Amino acid sequence: QVHARDTDTMSWSEAGSALRDPESISKAVRERVKYVPDDAVQREWQAPEETWNNRTGDCEDFALAVRELNRQQGSEARIYVASSKTLTGSNAANADAHAVAIGTHNGRTWVSSNGCYTEVANLGEARDLVAREQGWWFDDVEMKETSARPAGGAGSSLFPTTTASF
C-alpha cells in the first residue's frame with residue numbers, strides 16, 4: 001500500500017502505477033495538490049498531469065486528476081458538475097458550480113470532492129453530499145455528467161457539454 005506522503009516525489013506515471021484504489025488516489029491528490037480557485041472569468045481545466053506537477057488546481061482539476069488515475073487502474077470514474085438551479089438561469093457563465101469525480105470500485109459507489117473520498121449509496125446521495133458541502137438546498141441542485149477531456153493542457157469549459165442529469 002502506497003501512502004499519500006510517498007507521492008510527494010512521485011511522478012504522474014509512477015502515481016498511476018502505484019496507487020491502487022479510489023480512496024488512496026483521492027487522498028494522494030488531496031495531499032499533493034493545493035486548492036486554488038480559478039479566476040471567475042477564466043474557467044479552464046488543466047490536464048491531470050499538469051495539476052499533479054504544478055501541485056495546484058480547483059475542483060475541476062481535482063476531479064479530472066482523480067478520474068484519470070482511477071482509469072489508469074481500470075476503474076470506471078466520471079466527472080459530474082453540480083450547480084444550484086436558482087443560481088444558473090440567464091447568468092450561467094457566472095454561476096457557482098462544483099465538479100466531483102464519481103465512480104464504482106468493488107461494487108461500491110464513491111465520490112471524490114476536492115480529493116475527499118466518501119462512499120455513497122447512489123448518485124442522489126452524491127448530489128446531497130455536494131449540496132451540503134456547498135451550502136445549497138438539496139432540491140435546488142442539478143448535477144450533470146460532463147465529458148470534459150482536456151488534451152495536452154488545453155482547457156475546456158467548466159459547464160457540461162453532454163449528459164445525464166438527475
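This is a predicted model, so every value here is computed, not measured.
We find the OG-CD distance between S112 and E23 to be 10.0 Å, quoted to the nearest 0.5 Å. In this structure, T56 OG1 and R32 CZ are separated by 11.0 Å, a value rounded to the nearest 0.5 Å. Taken to the nearest 0.5 Å, the OH atom of Y80 stands 13.0 Å off from the CD atom of E142. Remark: Q134 CD to S84 OG distance equals 10.5 Å, nearest 0.5 Å. Note: T9 OG1 to E14 CD = 7.5 Å, rounded to the nearest 0.5 Å.
Between the S75 side chain and the R71 main chain, no donor and acceptor come within less than 3.5 Å of each other.
When all heavy atoms of C59 and A97 are compared, the pair lying nearest together is SG-O, 4.4 Å. Minimum interatomic distance between H105 and D21 (heavy atoms only, all atoms of both residues): NE2-CB, 3.8 Å. Closest of all the heavy-atom pairs between V66 and A101 is CG1-CB, 3.9 Å. In terms of heavy atoms, P48 sits closest to W12 at CB-CH2, 3.5 Å.
Between I79 and L64 the shortest side-chain heavy-atom distance falls below 4.5 Å. Looking only at side-chain heavy atoms (C-beta outward), M143 and V100 come within less than 4.5 Å of each other. Side-chain contact check for N114 versus H98: some heavy-atom pair is nearer than 4.5 Å. Residues W52 and V29 meet the side-chain proximity criterion, which asks for heavy atoms closer than 4.5 Å. Taking the side chain as every heavy atom from C-beta outward, V130 and F138 never approach each other to under 4.5 Å. You'll find the side chain of R30 stays beyond 4.5 Å of the side chain of Y117, heavy atoms only. Side chains of T109 and I102 form a contact here, defined as non-hydrogen atoms less than 4.5 Å apart. The shortest side-chain heavy-atom distance between I25 and E68 does not fall under the 4.5 Å cut-off.
For Q73, the side chain to side chain donor-acceptor pair (under 3.5 Å) partners two or more places apart in sequence, or in a different chain, are R20. With sequence neighbours left out, S17 forms a side chain to side chain contact (heavy atoms under 4.5 Å, CB included) with no residue at all.
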For a salt bridge (Lys or Arg N to Asp or Glu O under 4.0 Å) check, start with the C-alpha distance between R127 and D139, then their side-chain angles and the critical distance, and finish with the verdict. CA-CA 10 Å; R127 181 200 58 216; D139 59 353; over 6 Å; no
Evaluate the criterion side chain to side chain contact (heavy atoms under 4.5 Å, CB included) for residue pair R132 and V141; output intermediate values, then yes/no. CA-CA 10 Å; R132 273 193 306 279; V141 175; over 6 Å; no
Run the side chain to side chain contact (heavy atoms under 4.5 Å, CB included) test on V33 and D61 for me, step by step, so that the C-alpha distance in whole Å, both residues' side-chain angles and the decisive distance to 0.1 Å come before the verdict. CA-CA 9 Å; V33 178; D61 304 318; over 6 Å; no
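A salt bridge is defined here as a Lys NZ or Arg NE, NH1 or NH2 lying under 4.0 Å from an Asp or Glu carboxylate O, and R78 with E76 meets this definition.
Applying the salt bridge (charged side-chain N to carboxylate O under 4.0 Å, His left out) rule to pairs touching residues 101-117 yields R108-E119, sequence neighbours excluded.
Put simply, the residue from D58, N53, N54 that forms a side-chain hydrogen bond (donor to acceptor under 3.5 Å, both in side chains) with Q46 is N54.
Y35 and F62 have tilted rings, their planes meeting at an angle from 30° to 60° on a 0 to 90° scale.
Side-chain contact, E133 with S113: a donor N or O sits under 3.5 Å from an acceptor N or O.
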